[in-house]
Amino acid sequence: MIAEVIVDVAAHPIDRPFDYVVPEKLSALAQPGMRVKVPFGPRKVLGFITKVKETSDFDPNRMKPIHELMDVVPVLNKEMLRMAEWMKVQTVCFEIDALQVMVPAALRAKYEKRFVLNAGLEEVDSRLHPYFGDKPFVRSQDAEDVFGLLKKEMDKGTVIADTNIQQQTAVKKVRMIHISDSLEKLDSVEIRANAKQQLKLMAFMKKNPGLAIESSELQKAAGVTLPTIYSLAEKGAADLSNVETYRDPKMLSEIEKKENLVLTEAQQQAFDAIAQSLNTPRTFLLHGITGSGKTEIYLQTIEQVLKSGKEAIMLVPEISLTPQMTLRFKERFGDMVAVLHSGLSAGEKYDEWRKIQRGEVKVVVGARSAIFAPFENLGLIILDEEHESSYKQDDSPRYHARDMAIWRGEYHNCPVILGSATPSLESYARAQKGVYELLVLEKRARNQPLPAVHIVDMREELRTGNRSMFSVQMADAIRDRLEKGEQTVLFLNKRGYSSFVLCRDCGTVMQCPNCDISLTYHRSSEMMKCHYCGYDERVPHTCPECESEHIRFFGTGTQKVEEELAKLVPEARVLRMDVDTTRNKGAHEKILNAFGEGKADILLGTQMIAKGLDFPNITLVGVLSADTTLHLPDFRAAEKTYQLLTQVSGRAGRDVLPGTVFVQSYTPEHYAITFAKDQLYEPFFDQEMAMRRASGYPPYYYVVNIQFTHEDLMTVSEYARQTVEYLRQHLSDRTLIIGPSASLIARVNNRYRYQCLIKYKKEPKLTEVMQQLIKIYRSEWLKKGATLAIDMNPTSVM
DNA sequence: TCTCCGCCACAG
DNA sequence: TGTGGCGGAGAG
């Protein structure tokens, strides 16, 4: 038997199956979708079997055998293998990347270089002895100071280099103690009279014959230590075994089960439409304003799916994967739910994944990668907040969860629901064309009014002499809520600029030496950091250009706002939520909980607070500057701004108390801001579509972004130029090719960046031309140190 | 003549 | 991508 294997080497010439002989003793086991260890050139690597067959075109004498099977049960099923092939073409990625992304990180290979003894330890240089210790090998990373000595030993042949492939996380096992059920047997065990601990344990055992108990539990219950248990087990009083377990299974029985809410008429209509199509591969766009009760529809639809014996996947953006939200699923579906989020360790994720694979759970709630949940009998896929850009992975494989969802929907003949208050233009356009079925919820579920949104013209504030970052109206409102004991959320639209360090005398802004971007000031550590390459340095006392001592920190970071806020309302308790305060695990959750419990009056934060906040006491939301996302050089700038303002406004007045929103802007007349004021999606859509049509962007055109990097500016611009020329020759006349141009951030980590854009409506040759371009890159530019990245349907072109 | 380093081909 | 082989350059 012969196996086709995709090996774990992400490189263009390797991106194809390699044939291996399946050794006789493995032939009964080997199946597509299993991981294998195979020899590849001089080393061993991990790979996936994608096919087994009896014959090969390859010279049988040169074919090597599979070294080891890593799985007993395939980690990828037929569907996943097919999806990977499709994904490879769709996103222009390596097949191995597509396969790896579908498997939990714990199952991906970890390679460790090490030096292995090939002779007795006494034959090697005695200076190396301490490095080996009593092991027959040293890890390369532990032996950096003695590479020279090791090299000599390798020449002598006493030591050889080797790569060890490790499984990252294994199945967690617990030690179970099975107490003998025969009292006679227990009585027959001899214990010395002075072995007090053993006597104590025996007394416990005699009270509980036949009991199977985890060793840690037994230690607690009997008040003894592990060695005591071992000695009695050896004497035959109990059996020991290792039992597979899951990490930290949360006590689900403690979660109270909740019943369905009664659907409003609009909700019911939407629900019915979906429920009627449960066995059709149809895509629904559920457009419901914030607070219209989309989640309840999801929950009840999932319930229907479960009743028919099928499974469901629910995708949410990572940031809205809050405890509040997961609790809601657990309340409905109990231990049928697996939750996959970034807060889990690799081992915990692996455990959740195994529960899915074994069919122990029926519902998965998770972020982007949960779309690969290995269900066999999928009945429904939901993408909540479908417009979120986090559904698109921004490194290879650059897949969009929405595309994967629709593919799987077709494979399983099941519906896909895309839900949003602010659908992406692509999805809404498709719904209008009838490709997706549009379902609308126009009212909030409990009929609460939408919050009153006031737009504040900050130019006017400047004219009247208010130079602070809070308009008079906003400041008054904040004070008012404070007096009433209601809560305020302040949103700082920070993206695009942040606090930088500037010399007031010569105007020099401190720049990263490796990237064309200014350094960000971090107050807590008194450091300046580059957010692209990680470079950091202390804030200088004098300007490096003019030696002036007038160094100032500029910009509007959340820390700056916090200071201003302290001046405005010194008595207010303020919680700040940004990258700095949420770096630690669980910090995000802690801050939100504290705010929910009323431990603060004001929550101040960046994008990350725009979602999932659902507290009844929030009656004021302030957007400090609506403009920052608006003027980014990106075709989605207006769309993003509209979405953000709508989402943020939706945080106010979700319960009984009515909400008010203030949006401060220097361009208050912009349509993205004026339409967001009253959540007028349709008019916004129409106007934005007109803009897209005029400028040739999605949904009118498909876009491909091709980015080049190289150490040398001239070289990279030349490659980009050649590419554009090549594309112009080989793509159709109606396709637009934009560029080449330097990227917005023209240099990162000392590499210059250039890009070009392809805009097309119909381009049957696209895949072929992209493959051809990769060939040119491989044969000419790669060797010269260039990199090329192709992003199909990018979420942004900056 | 020995050794080191950089480039290149190749991987089943 | 990682590795080992090959050949050129420099040192002794």
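Reminder, nothing fancy here: chain letters follow the sequence lines and each chain counts from 1. The figures here come from the full heavy-atom set of this structure, side chains too, leaving out hydrogens, waters and symmetry mates.
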| Hey, would you say the A:F94 and A:H12 ring centroids sit under 6.0 Å apart? | yes
| said: Please classify the nucleic acid contact of A:Y20 as base, sugar-phosphate, or nothing, using heavy-atom distances under 4.0 Å. | reply: sugar-phosphate
| task | Report the distance from atom CG of A:L782 to atom P of B:dC8, rounded to the nearest whole Å. | result | 12 Å
| remark: Out of C:dG4, B:dA11, B:dG12, minimum distance to the side chain of A:P13 belongs to B:dA11
| Across the strands shown, which category fits A:K113 at heavy-atom distances under 4.0 angstrom: base, sugar-phosphate, nothing? | sugar-phosphate
| query | Within this structure, what is the CZ-to-P distance between A:R778 and C:dT1, rounded to whole angstrom? | reply | 12 Å
| message | To the nearest 0.5 Å, what is the distance between OG1 on A:T50 and CZ on A:R16? | response | 12.5 Å
| message | Does the structure show A:F18 stacking with B:dG12, if we require the centres to be closer than 5.5 Å and the planes to be within less than 30 degrees of parallel? | response | no
| Whole-Å distance separating the NZ atom of A:K784 from the P atom of B:dC7 | 12 Å
| query | What is the nucleic acid contact for A:I14, judged by heavy atoms within less than 4.0 Å: base, sugar-phosphate only, or nothing? | reply | base
| Sugar-phosphate only, base, or nothing, as touched by A:P39 at under 4.0 Å among non-hydrogen atoms | sugar-phosphate
| remark: To the nearest angstrom, the CD1-C1' distance between A:I96 and B:dA11 comes to 15 Å
| task | Just call it for A:R62: base, sugar-phosphate, or nothing, with non-hydrogen atoms closer than 4.0 Å on any strand. | result | sugar-phosphate
| Quick one: A:K44 NZ to C:dG2 P, roughly how many Å, whole number? | 17 Å
| field | Interatomic distance, A:R43 CZ vs B:dA11 P [rounded to whole Å] | value | 13 Å
| said: Looking at every non-hydrogen atom in both residues, tell me the closest pair between A:V704 and A:M770 and how far apart they are. | reply: CG1-SD, 4.5 Å
| said: Measure OH/A:Y111 against P/C:dT1 and give the value in whole Å, please. | reply: 14 Å
| message | Rounded to whole Å, how long is the line connecting atom CG of A:N61 with atom C1' of B:dG12? | response | 12 Å
| request: Compare the minimum distances between each of C:dG4, B:dG12, C:dT1 and the side chain of A:F58, then state the nucleotide with the smallest one. | output: B:dG12
| query | Between A:Y719 and A:W781, what is the ring plane arrangement, given parallel below 30°, perpendicular above 60°, and tilted in between? | reply | parallel
| said: Could you check whether atom OH of A:Y760 has more than 12 heavy atoms from other residues, nucleotides or ligands sitting under 6.0 Å from it? | reply: yes
